[in-house]
Amino acid sequence: MRWSIVIPVYNEADFLPQTLESIIAQTTVFDLIIVDNGSTDGCIDNARMQLADHHGNVTFLHEPRPGQVYALQTGIAAVDSEFTAICDADTYYPPHYLEAATLLFDTNGAEYVAACAYLRRERFFAGLGSMMHRLLAANILPHQNHTSGAAQTFRTAALQAAGGYDPSLWPYVLKDHELMHRVLKQGRQIYHSKFWCTTSDRRADRRNVRWTLAERVMYHLTPRSRQHDFFYRFLANRFDARGQRDTVLRDRNWVVA
């Protein structure tokens, strides 16, 4: 098996069935690892029933420590395949998602350790703008992250060599950016116009789950040689002071009613 998909789950009854439906429809075979992070809304039992007839390997794990970063750490530790796809429970993945990632890895060679999808929007021009922005940014700043953690795939050896998601290093939001900071020390990343996914637009208030405009600008302006200091000496202190630990993602007061 060349692929494993890791999905962290916490109370996603309204979204997980659609995500799993899109994953089951993949044209590439895979192992599926679902990590329950303490769900209480029945979504895990529903997922077991939904996947009962799926012919691929499905593993359900339980991670009691609250926080997506812990769930991802547990899930990645269970991966035993060439490639790893990190997927969110509220995201749609087109049937060719893994197939497109495989082609990118196989065509471009071992120096490419991450294949990153852009977030496609429903409206044509919004989607086109998102694609062009991601491709351009990745070309100009190839050693920084330009997409969501829900749209990242990796060579497993590089992901594990980088340490994967590690709450002892980064227990805050924006963990996808911090992870890519470490992964890209192992090699390069690639984006492509045909590699995309669609995330839900349910976040009404993102202030507690993102960085400020000034922090984003500083991220892009910081040279690669100083990225370590940017994350661990500058951004970590600011996130900690604002209470922006990974567990704020469990607070659903930012979900659109």
Side-chain angles (χ1 to χ4, degrees), residues 1-101 114-117 119 147-154 156 159-160 164-167 173 175-176 179 195-200 202-203 209 246-247 249-250 252 255:
M1 194 74 67
R2 300 190 74 186
W3 279 98
S4 293
I5 295 175
V6 177
I7 308 178
V9 178
Y10 173 70
N11 287 349
E12 294 287 0
D14 293 336
F15 291 91
L16 185 58
Q18 292 80 12
T19 295
L20 292 180
E21 183 178 346
S22 73
I23 287 175
I24 292 171
Q26 293 298 304
T27 58
T28 299
V29 295
F30 57 89
D31 290 333
L32 178 58
I33 301 171
I34 296 177
V35 186
D36 175 21
N37 198 207
S39 298
T40 58
D41 66 349
C43 65
I44 297 299
D45 289 338
N46 292 339
R48 290 180 186 276
M49 291 187 289
Q50 184 177 358
L51 296 168
D53 295 328
H54 178 57
H55 298 297
N57 296 324
V58 180
T59 301
F60 285 89
L61 302 176
H62 179 67
E63 174 49 66
R65 295 172 296 177
Q68 195 180 69
V69 66
Y70 288 107
L72 286 167
Q73 183 183 52
T74 296
I76 291 170
V79 171
D80 185 21
S81 59
E82 184 179 0
F83 303 120
T84 301
I86 305 299
C87 295
D88 270 4
D90 65 344
T91 301
Y92 167 77
Y93 298 91
H96 70 275
Y97 187 78
L98 293 184
E99 183 179 351
C116 302
L119 303 181
T147 194
S148 163
Q152 295 174 336
T153 69
F154 304 94
T156 303
L159 176 62
Q160 294 177 342
Y165 282 101
D166 187 344
V173 297
K175 58 187 176 294
D176 44 4
L179 172 66
F195 189 40
W196 58 272
C197 60
T198 302
T199 60
S200 68
R202 61 177 175 170
R203 293 174 174 84
V209 299
D246 183 57
T247 48
L249 295 170
R250 297 165 72 89
R252 299 307 170 90
V255 176

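Predicted model, so just to flag it, every value in this text is computed and none were measured.
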ask   = Could you walk me through whether Tyr165 and Ile76 pass the side-chain contact (heavy atoms from CB on, under 4.5 Å) check?
value = CA-CA 8 Å; Tyr165 282 101; Ile76 291 170; 3.7 Å; yes

Pi-cation contact, Tyr10 with Arg250 (under 6.0 Å, within 45°) = yes

query = If you look at every heavy atom in Cys197 and Tyr93, which pair is closest and at what distance?
reply = CB-CD2, 3.7 Å

ask   = Would you say Leu159 and Leu179 make side-chain contact, with heavy atoms under 4.5 Å?
value = yes

note = All heavy atoms of Leu61 vs all of Gly75, minimum pair found to be CD1-CA, 4.4 Å

task = State whether the side chain of Gln68 and the backbone N or O of Val9 hold a donor-acceptor pair below 3.5 Å, judged by distance alone.
result = no

message = So which atom in Tyr92 and which in Ser22 form the shortest heavy-atom distance, rounded to 0.1 Å?
response = CD1-CB, 3.5 Å

key: Working for side-chain contact (heavy atoms from CB on, under 4.5 Å), residues Asp88 and Glu12   = CA-CA 10 Å; Asp88 270 4; Glu12 294 287 0; over 6 Å; no

inquiry  = Just so I know, are the side chains of Ile7 and Leu20 near enough to count as touching, which here means a heavy-atom distance under 4.5 Å?
reply    = yes

inquiry  = So Thr59 and Asp31, do their side chains get closer than 4.5 Å, heavy atoms only?
reply    = no

Sidechain-backbone polar pair: Thr84 side chain, Phe154 backbone, donor-acceptor under 3.5 Å = no

inquiry  = I'd like to know if the side chain of Ser81 and the backbone of Ser4 have a donor-acceptor N/O pair within less than 3.5 Å.
reply    = yes

key: Aromatic plane relationship, Phe30 with His54 - under 30° parallel, 30 to 60° tilted, over 60° perpendicular   = parallel

message = Would Asn37 and Thr74 count as a side-chain contact (heavy atoms from CB on, under 4.5 Å) here? Give the steps.
response = CA-CA 10 Å; Asn37 198 207; Thr74 296; over 6 Å; no

message = Looking at Glu82, I'd like to know if its CD atom is crowded, meaning that more than 12 non-hydrogen atoms belonging to other residues, nucleotides or ligands lie closer than 6.0 Å.
response = yes

inquiry  = Using every non-hydrogen atom in the two residues, find where Ala150 and Thr91 come nearest and quote the distance to one decimal.
reply    = CB-OG1, 3.9 Å

inquiry  = Counting C-beta onward and ignoring hydrogens, is there a side-chain heavy-atom pair between Val79 and Val6 closer than 4.5 Å?
reply    = yes

remark   = All heavy atoms of Leu119 vs all of Ser148, minimum pair found to be CD1-CB, 3.9 Å

query = Is a side-chain N or O of Asp246 found less than 3.5 angstrom from the main chain of Val69, in a donor-acceptor match?
reply = yes

request  = For residues Trp196 and Tyr97, determine if any side-chain heavy atom of one lies less than 4.5 Å from a side-chain heavy atom of the other.
outcome  = no

task = State whether the side chain of Thr147 and the backbone N or O of Ala117 hold a donor-acceptor pair below 3.5 Å, judged by distance alone.
result = yes

inquiry  = Keeping Asp90 on the side-chain end and Thr199 on the backbone end, is there a donor-acceptor pair under 3.5 Å?
reply    = no

ask   = So, Gln50 side chain and Pro17 main chain: donor-acceptor pair closer than 3.5 Å or not?
value = yes

key: Heavy-atom donor-acceptor pair, Thr247 side chain to Gly67 backbone, under 3.5 Å   = no

query = Are any side-chain N or O atoms of Asn11 and backbone N or O atoms of Asp41, one a donor and one an acceptor, separated by less than 3.5 Å?
reply = yes

request  = Check for a donor-acceptor pair, side chain of Thr27 on one end and backbone N or O of His96 on the other, with a separation under 3.5 Å.
outcome  = no

request  = Show the numbers, then the answer: is there a side-chain contact (heavy atoms from CB on, under 4.5 Å) between Leu98 and Ile5?
outcome  = CA-CA 9 Å; Leu98 293 184; Ile5 295 175; 3.8 Å; yes

request  = Would you name the heavy atoms of Val29 and Trp3 that are closest together and state the gap between them?
outcome  = O-CB, 3.9 Å

